[in-house]
Number of protein chains: 2
Amino acid sequence: MAAQRSRRKRPSMNDVARLAGVSQTTVSFVVNNVESANIPPETRKRVWKAIEQLGYRPNAMARSLRSSRTHTLGFISDEVATTPYAGQMIQGAQDAAWEQDNLLLLVNTGADARLEEAAIETLLERQVEGIIYAAMYHRSVSPPSIIHEVPTVLLDCFIPDRSLPSVTPDEVQGGYTATETLIKAGHRRIAFINNKDDIPATRGRLAGYKKALADYHIPFDETLVQIAGAGPSGFNSYEATYQLMHLANPPTAIFCFNDRMAMDTYQALHRLGLSIPDDVAVIGFDNQEIIADILRPGLTTVALPHYQMGWWAAQHLLQLIENIDAPAPSSPVQHTIACPLVLRHSV
Amino acid sequence: MAAQRSRRKRPSMNDVARLAGVSQTTVSFVVNNVESANIPPETRKRVWKAIEQLGYRPNAMARSLRSSRTHTLGFISDEVATTPYAGQMIQGAQDAAWEQDNLLLLVNTGADARLEEAAIETLLERQVEGIIYAAMYHRSVSPPSIIHEVPTVLLDCFIPDRSLPSVTPDEVQGGYTATETLIKAGHRRIAFINNKDDIPATRGRLAGYKKALADYHIPFDETLVQIAGAGPSGFNSYEATYQLMHLANPPTAIFCFNDRMAMDTYQALHRLGLSIPDDVAVIGFDNQEIIADILRPGLTTVALPHYQMGWWAAQHLLQLIENIDAPAPSSPVQHTIACPLVLRHSV
DNA sequence: ACGTATTACTAATAGGTATTAGTATAATAT
DNA sequence: ATATTATACTAATACCTATTAGTAATACGT
């Protein structure tokens with residue numbers, strides 16, 4: 001029962017063939033269940049018995065050397081560890097890959113461009129059939145051009161020239177959903193505390209917010225939109241909430257750019273003696289489970305579909321690989337995945 | 001610049017050889033920088049030029065077919081996604097592997113034993129040189145026996161018969177460190193709110209707590225140890241804290257089994273009008289960044305060394321692989337990694 | 001009885017590389 | 001001038017599998 005000592009040569013088809021008294025070809029036919037070769041049941045049995053006896057296992061390397069299909073996807077990311085979402089993206093990708101008998105070969109590089117190129121080079125040497133290039137926070141990336149040598153899907157990121165397919169969260173829909181949820185709960189004075197960095201999430205969620213207001217014939221009021229940073233220093237969501245609640249006509253609901261900010265908003269409202277959701281409704285974004293579960297009342301929020309994005313990336317990549325010889329190389333699809341509402345008790 | 005269309009055959013050493021006007025053997029010598037073959041500089045240059053020109057890249061599959069070294073480790077886990085720590089373990093393992101030119105082949109199985117065996121089978125077919133079997137929360141696992149076919153390291157888990165090497169957090173030292181930190185801050189009435197499940201963490205941290213008290217000659221007081229569940233329902237840390245603070249001789253410091261519980265303790269102390277750390281010091285465990293950063297004052301806690309454990313697992317596995325033909329198969333090492341203190345402001 | 005079809009296999013090869021055992025030529029030693 | 005050695009290569013093979021093109025034996029049709 002001890003771990004195997006010594007790199008004992010694993011048995012090959014030839015060993016099986018010898019033991020079963022047939023040719024290697026026959027073993028191959030039996031193993032792969034080739035119908036066209038008429039192997040009678042007794043022979044099959046004999047071969048399987050030899051396989052069992054020797055503990056034979058096909059060698060995927062040798063196999064792919066012939067077929068030039070490795071059933072392996074490269075997954076490269078620049079910061080797997082630092083966010084709690086990374087695991088979900090990986091798991092989504094892994095699940096989709098596994099469903100089609102593919103595995104993920106993992107590499108991550110600390111945003112060091114040189115290392116990144118070396119990593120991709122390594123993946124290519126290992127004959128991955130495609131690459132998932134993952135980043136975080138829906139940002140703009142510029143992978144080394146060598147990546148174009150193989151089908152690639154960008155995960156939670158994009159390149160400005162859109163020359164590679166990508167999958168990102170639908171920020172606009174997310175902002176829309178959050179806002180609409182508040183509207184449907186009866187609110188008409190809805191504030192939005194946006195993030196200060198100029199990234200797609202910032203613009204997208206704002207666009208969704210505006211669109212929802214427009215659709216429900218609520219005039220857009222600039223004073224209800226605040227721009228705050230995250231964290232304890234600088235102008236943050238806590239202060240933004242204070243300002244909002246001191247307006248002549250204060251909001252009855254606040255949509256926060258993310259859950260972290262919603263937490264500060266909770267605190268501010270608490271300090272102001274206002275109750276959630278009775279006096280003011282709050283909705284967040286990101287569905288950071290720890291935060292959302294911890295807050296009282298539980299934070300209603302919009303989730304970032306990390307698992308689904310990972311899933312889609314792998315699934316789409318496999319499709320690209322399958323159709324690699326197909327006719328029109330239509331322009332790379334920029335896929336967007338809906339951000340679902342997660343109901344708790346803050347609205 | 002578009003992604004490569006059509007599975008164009010990649011150039012091989014033979015193609016390079018033809019272009020450079022040498023034999024495949026010579027190309028191999030040049031590529032691998034074999035000293036014993038006396039290839040003069042001009043010839044080398046000619047070969048490299050041909051390589052460049054064709055965009056030749058060695059084929060790792062073919063290479064490992066001959067050498068039977070794949071430089072690939074399998075990483076199998078049952079629940080990558082569900083915890084924020086998973087990414088760190090993976091990253092640690094990946095970094096250590098990468099340092100020695102190895103890559104991780106990732107698989108995860110939803111605790112379905114059948115799937116698990118299939119997954120390992122797949123890894124073995126792909127000729128991984130070893131397997132990292134990862135779980136979460138330092139638990140007892142029972143991997144399918146097939147895993148013994150290849151060097152294996154257990155990550156954040158163990159098997160009762162200790163027949164496989166493992167790496168886990170040093171719970172005893174962690175509990176000791178937490179307690180000692182409080183002692184050194186001047187406390188002598190130190191409570192411990194333990195977790196109710198009977199797992200190594202529960203017993204280990206308690207043992208560390210007791211040992212620290214003993215070392216500093218503080219008598220162990222059973223009334224200062226509470227057992228609570230996590231989460232909002234049942235007897236939790238909030239209530240435990242209440243009970244502790246209503247003792248005739250209440251504690252001046254509380255060591256909580258984890259950060260989640262510490263959060264409830266914060267709330268209870270807050271409700272009681274006690275200030276942290278002036279009236280009561282609090283220390284947690286796990287270093288869940290989100291929680292620890294959010295709490296005011298920031299929570300001093302003991303970190304679980306997920307990255308380091310992942311790193312050690314890969315590193316040790318590679319060592320096992322290297323020494324696979326070595327003499328004594330000494331009993332599998334059960335390694336333990338220190339849990340470092342993370343200072344914030346609650347002590 | 002003879003040609004054809006079916007059954008039950010096998011030999012040979014390709015896929016890309018690393019390595020061993022050469023070989024042919026040039027340089028050096030005696 | 002001959003033997004030895006160093007230089008600059010190459011031919012052949014092994015690694016393991018999948019596949020194509022066979023072959024030998026039997027069965028079948030008329």
Side-chain angles (χ1 to χ4, degrees), chain A residues 7-48 50-51 54-72 122 124-129, chain B residues 7-48 50-51 54-72 122 124-129:
Chain A
R7 192 154 14 233
R8 199 181 69 241
K9 187 185 151 299
R10 302 226 177 117
S12 74
M13 274 194 178
N14 267 305
D15 302 319
V16 174
R18 209 167 305 123
L19 181 60
V22 297
S23 70
Q24 176 260 315
T25 307
T26 300
V27 177
S28 174
F29 287 153
V30 170
V31 167
N32 297 314
N33 235 311
V34 175
E35 294 291 342
S36 60
N38 290 314
I39 316 284
E42 311 99 63
T43 308
R44 285 178 193 277
K45 239 172 260 170
R46 203 147 34 91
V47 170
W48 278 118
I51 287 176
L54 293 175
Y56 167 76
R57 200 187 331 271
N59 182 328
M61 302 270 134
R63 190 176 283 192
S64 66
L65 184 57
R66 266 200 61 92
S67 67
S68 75
R69 297 295 307 264
T70 56
H71 295 278
T72 305
T122 305
L124 291 176
E125 283 187 9
R126 281 156 187 264
Q127 315 294 118
V128 296
E129 299 194 50
Chain B
R7 191 154 15 233
R8 198 181 71 243
K9 187 185 153 297
R10 303 227 175 113
S12 74
M13 275 194 177
N14 268 305
D15 301 320
V16 174
R18 209 167 304 124
L19 181 60
V22 297
S23 71
Q24 177 260 314
T25 306
T26 300
V27 177
S28 174
F29 287 153
V30 170
V31 167
N32 297 316
N33 237 311
V34 175
E35 294 291 343
S36 60
N38 290 315
I39 315 286
E42 312 98 62
T43 308
R44 285 177 192 278
K45 240 173 257 171
R46 204 146 34 90
V47 171
W48 279 116
I51 287 175
L54 293 175
Y56 167 77
R57 199 187 333 270
N59 182 329
M61 303 270 133
R63 189 176 284 191
S64 65
L65 183 56
R66 265 202 61 92
S67 66
S68 73
R69 298 295 307 262
T70 55
H71 295 277
T72 306
T122 306
L124 291 176
E125 284 187 8
R126 283 158 186 261
Q127 315 294 118
V128 296
E129 298 194 50

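Worth saying up front: this structure is predicted, and the values here are computed from it rather than measured. Residue numbers begin at 1 in each chain, while the letters A, B, ... track the order of the sequences.
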**Study point:** Whole-Å distance separating the NE2 atom of H71(A) from the P atom of dA18(D)
**Key:** 11 Å

Exercise for review: Please check if the side chain of R44(B) supplies one atom and the backbone of I39(B) the other of a donor-acceptor pair under 3.5 Å.
Suggested key: yes

Check your understanding: Judged by atom type as modelled, is there a donor-acceptor pair below 3.5 Å linking the side chain of R46(B) to the main-chain atoms of A20(B)?
Key -> yes

Point to revise | Closest contact, heavy atoms only, T70(A) versus M61(B) | key: CG2-SD, 4.1 Å

Practice item. Tell me what R66(B) touches on the nucleic acid: a base, only sugar-phosphate, or nothing, going by heavy atoms under 4.0 Å. Key: base

Check your understanding: Within less than 4.0 Å of OP1 or OP2 of dT7(D), is there a side-chain N or O belonging to N38(B)?
Key -> yes

Review point. Side chains of T26(B) and S23(B): donor-acceptor distance under 3.5 Å anywhere?
Key: yes

Study note, to complete from the structure: Span of DNA chain C engaged by chain B, first through last nucleotide within the 4.0 Å heavy-atom cut-off, is dG16(C) to dT20(C)

Review point. Has R63(A) got a side-chain N or O lying under 4.0 Å from the OP1 or OP2 atom of dC16(D)?
Key: no

Revision key, fill the gap. Within residues 17-30 of chain A, the residues having a heavy atom closer than 4.0 Å to DNA chain D are Q24(A), T25(A), S28(A), F29(A)

Exercise for review: Indicate, with a heavy-atom threshold strictly under 4.0 Å, whether S64(B) touches base, sugar-phosphate, or nothing.
Suggested key: nothing

Review point. T43(B) near the nucleic acid: base, sugar-phosphate alone, or nothing, with a heavy-atom cut-off under 4.0 Å?
Key: sugar-phosphate

Point to revise | Length of the CD1-C1' vector between I39(B) and dC9(D), whole Å | key: 6 Å

